[in-house]
Amino acid sequence: MGYSPNEVTLLLKQLTKGEEGAVEKLIPLVYDELRRLAAGYMRRERPDHTLQPTALVHEAYLKLVEQRNSDWQSRAHFFGVAAQLMRRILIDHARAHLRSKRGGRESKVSIEEACLFSEDRSGELLALDEALVTLEKLDPRQSRIVELRFYGGLSVDEASEVLNISPRTVEREWTIAKAWLYMQLKEGYGSNCGKMDEGQGTV
Amino acid sequence: MEVTAEKWTRVKALFDLALQQEPSARSSFLDSAVAEQDVRALAKKLLRAHHQAGNFLGCPAYSPQLTSQADTKTLNQGHILARRFLITRFIEKGGAGEVYEATDLELQQQVAIKTIRPDILAQPKAQERFKREVSLAKQVTHPNICRIFDLFRHQDSPGEADVIFISMELLRGETLANKLRRSGRMSRTEALPIIIQMASALEAAHKVGVVHRDFKPGNVVLVPNEDTGELRAVVTDFGMAIQSGADLSVSLTPASVVAGTPAYMSPEQVEGQDATAASDIYSLGLVIYQMVTGSRPFEAESPISMALKRLKETPAPPSRLVPDLDRPWERVILKCLERRPESRFGAANEVAKALSGEAIPGRRSSTPIKLLATLLTLLLMATIGTFVLRLHLWRPKTTGVEQPTVNPMRPRRSVVVFGLKNLSGETNAQWLSTAISEMLTSELAAGEILRTIPGESAARTKIDLAIPDSDSFAPDSLKKIARNLSVDFVVVGSYLAGATPNSRVRVDLHLQDATTGETIATEIETGTSGDIFALVARLGAHLRERLGAGEVSSAQGSEVLASLPSDPEAAQFYSEGLSKLRFFDDLRARDLLEQAVVAEPKFALAHSGLATAWSDLGYDSKAKQEAKNALDLSPRFSKETRLSIEARYHEMVGEWQKAIGIYQQLSTDHPDVLEYGLRLADAQMSSGRGKEALQTIATLRRGFPQSAGDGRLDLAESEAARAISDFHREQMAAAEAAKKGDLQGARLLVAKARLSEGWAWYRLGDPTQAASAAQEAKSIYTSTGDFRGVARALNNLGALALEKSDYAAAKRTYEEFLAVSRDTGDQQGQAMASINIGIVLELQGELAAAKKMYQKASAIWRGVGDKEGAATVSMNIAAILAKEGELDSALRVFEDAVNAYRQFDNKQGISEGLDWIGDVLYDKGELDEAQERYSEALGMFREIGLRSDEAYAIFGIGNILFARGDLPGARGKHEEALALRKGLGEEGALAESYIALARTLIEQGDPGQAEAAAREAMKALQSEKGADKNAIAYSILARSLLAEGKVEEAQKAAAQADTFLAKEQNCGVRLFVGLTDARVVAASGMTVKARRQLVSAMDSAKNHGFVGYEFEARLALGQLEMENGQPMVARPLLERLEKDASKKGFGLIARKAATTIR
């Protein structure tokens, strides 16, 4: 492949400064790594084992970036790029999973576990993505925030750095976006969502 | 939900405002807000959702502000709680609340008061849980556990929130955390008593069912004895770590590690699971680590990163930071830090015992073996196919040693080195697992006392059973491994290594008896990376001793040296590449192996591995090149190794006889290695010698009675059966293989067996069984990551869809096959998929599109240097050419294909090609030549045992006899072919035979039987949507009806035939049907029309060179004129025809022409 951690770190710095072309160069590198990692996990995945997409992103980060020379802003931007790609990869995998299943069955499981990688969750993950796509049309910034925070695992501060808005705004938008998405998913999934915060299992 | 962007902004604003109100006032606020109805409604809905959403999408990421946001009440000095406790001073602020010193006015003693954050307690089940913990904790009286006295609720004043607190033992002393911060790492003597006490505390709590959940140095207070100064370690905050426990629905969601102490969390807690006693032990391990080294094992920039690291990485061994750390201590620490809870110590006091008990005497390497200092590398063995290459190590001090003898009749004891776990946390050191395993295997194999299992088989077993590397196996797992591999002993272990050549290396091995499950021996060796060759050699010697294999002699050394790479980089690339190869990642394997070869061009084994990778990817010419390289570079290897490499080479270039010869020799030389026999059978099958393969397998069964439960033999039998078209046997053997594979836990074997079985069912005409078998294979392959297997399963499923004539489904499946092959870089797969798509297109009548796909496949094969593959597809192309009526072009292409097949001694290809050529020659009217070809093909088909194709050849000869006018002979042949096809259960081909019979019967003057035969044909074609056969069947029916004088029915039948013709582009079929039409038309009295049709048919036949049809047309014309009362016109036509027909051998037509004249 021919990239080195130093190169990636440099690209990130450029990205932080808002330089042209940095994102374009980064995306294929990050995508490749994420896809490879994701495929690796998919292969080795046992059905009861849970996996966080942000762990993948983090692993990609560890692999691609020269740790000593990168700061939290670079990291935030990396995760910003990776979040988007991660989302795409997850959806691809979820779709592939569903294709091999015959007839969707509704699994009665809390929506927040949509981030988990086992087969049962594929349906929820796709539903979430659909809702997110709808949100995107309505409020692109909110959708991007969800992407950053949920798929990328960015903190409020990190998200605000990436989007160049105030943390307060991030929090506000995040709250509303969550409520809206929850609403959308609940309508599609019936009343099971309501049970979530009653300590149902290891949630 | 139609919301405009503008409205949405207002909804958001409204929502935001509402949130700022008191919870109880929010709803009314919205009701009375100034906004449109729908905006308000949406905001209300959102609000409700917000309330219900709770923890949806997870908590916000860890942020330092979280803890300070806690709105605990700060109590003041002098405050009296619950009318009993007088606050004397503030001690500290913890994660869950605040701690104060207070005087218990009732009991007149100093106590500590700990308040709990109300927001934590506000969560629904929290209070219950908390109360339970407290009541449990109250029961525990232990010197090392902070006493909990009671739980209190204090209401300061009405309207204010309650203060919930507990009273507990007041501890005067600093926390362990503080001490570590202050004075850094501790010595063992200093640390041990503290550790023992902490372990004791944990043990006591666990006994009562209380789990700490947040064990860390900050929760251990060191109380010095007032008199002696001895430290009493007291663990606090048991079960109080509610805020981070998983019991309160505040889990580790995507981004977050909640406020708490992620730094000490066990991996399962990080993942959001409930903490157990094992989690405490993990945390204990971390604390011990820190005490002994002064730092934490997973350092990272943020607590999140640290926690996440824990999930993915193994801890850096403490001995790296403290080189003279006692080994037992290190072992204990690492065992506490096992990622899987089950692997850790079962109880806390075991930890203490392990540390304070006797130290296990470790084996110290006393003799530095001075060996080949310049070789920084490892001895790496390639396993080609399923071989063990036994390399013999050279040890200067062991000369003239007596070798224990092996009884050649008894099978030797077998051992497998199953892989070593990398404990070093360095991904760069991962390759050592493969490398050391390979090296040990060869060390054990030296002298041929033991039978070693190749690394490849171990890898397969790992995939089958989904087992990762481990340093020891439980008896259950051992049994599974033993069953899967049929092995007596298993060697597993772990290693620690650094990145630089001078860093320390340590390898721990366990020798386990697979039958009894016990660990027979443990061997440990340390050294440096540069010296690892010697280190592993020493370990090998220890193991050999244990296994009674004697010492290695010095004589075989030089052979080994010849195979060593001198470049350490090459060694690493090779090892990593080998690993990738075994786990189906051919593309990466190729990349790595290429780098190995670049680093060390004379590295024979790397070339070998590369050959396999290229072969997997379908780049045959490259594979051959690399196989040749390997062969050329291996002259000084041991005989067995060389032969293996040579045999592989011959296989790759298609020199089957030579390969077979070598495998026979290897089998004779090493009669207890089943793999050689299997490879022999494989080579025989590949070269079309199915019968011989079956004989080989039968011999193997006799020679390896202990392998009765090994599914591989049955699988081989199934494949051999396929080679002779014995589909019943194929199916049964495959089913047996799958059954045994299930018992062995050999998933990949089961997958392969199911594929075979599916194929057999397909040929036997049971598509349902076939489909379910293929599906099963596919899902196993998918779950094991063998995407080439997936591709093959898809291929089969496509064929099944085709069988049902579901062309759309077939095309879809083949296209998926194409996509998977593209993804894995599999050239062969792409070519095959393209061909199959072409076949579907051909069946749909889209000849041009089909030809394109074939050409695509051909291009791929040529690009990859696979002449055989290119030959196969060229046959498809030629067949289309023949259909299009381009007989000469078709002939040329067929001849080329046959020539290519001759080069590869591919009997199956040759005979099929000859059969096709026979067909074309027959169409061209070259009867003698055609018969020659058919006979030659038939001979080969019989020799190879391809009974299904035999029928085709016999059918072809029947046609020739028919043309010659030998009607009884023709009938005999057609009946023979029919019987053969019936016996094979091949429905599809039956129709063809019935049609041919009908034709003969008409000429023999038995139209009634002919009609019956025609109807049989149509019955056999019921599910067939293909136009060709249907058209001809109806046509033949029409002819027989005509011969019976049933003109009207004949017309109907002919019309039916025409409907199929509309879609049909097949030239020959058009002619046949056209001629039938003309005859029917003539019989209806429409002479002019009939004449026109006949002339048109004749011209068309002449144009394309279909001599037989031309003659037929001319005959019909002559007959027409005769019946029309025009003998003057008819006679010259027929006389000329008689002459021409006789010249070409078309006896039947000549005879009929002559008869018509009279």
Quick one: do B/K580 and B/D591 make a salt bridge, cutoff under 4.0 Å? no

Select, from A/E171, A/E173, A/K137, the one with the greatest count of heavy-atom pairs under 4.5 Å involving chain B. A/E173

Please check this pair: side chain of A/S143 against backbone of A/D139, looking for a donor-acceptor N/O pair closer than 3.5 Å. no

Under 4.5 Å heavy-atom distance to chain B, tell me which part of A/Q142 shows up: side chain, backbone, both or neither. side chain

Give a yes or no on whether a salt bridge exists between B/R812 and B/E815, defined as a side-chain N under 4.0 angstrom from a carboxylate O. no

Verify side-chain hydrogen bond (donor to acceptor under 3.5 Å, both in side chains) between A/R141 and A/T169, making sure each step is shown before the conclusion. CA-CA 11 Å; A/R141 192 168 70 179; A/T169 312; 5.5 Å; no

Examine whether an atom of B/L19 lies under 4.5 Å from a heavy atom of chain A, and if so say whether it belongs to the side chain, the backbone or both; otherwise answer neither. side chain

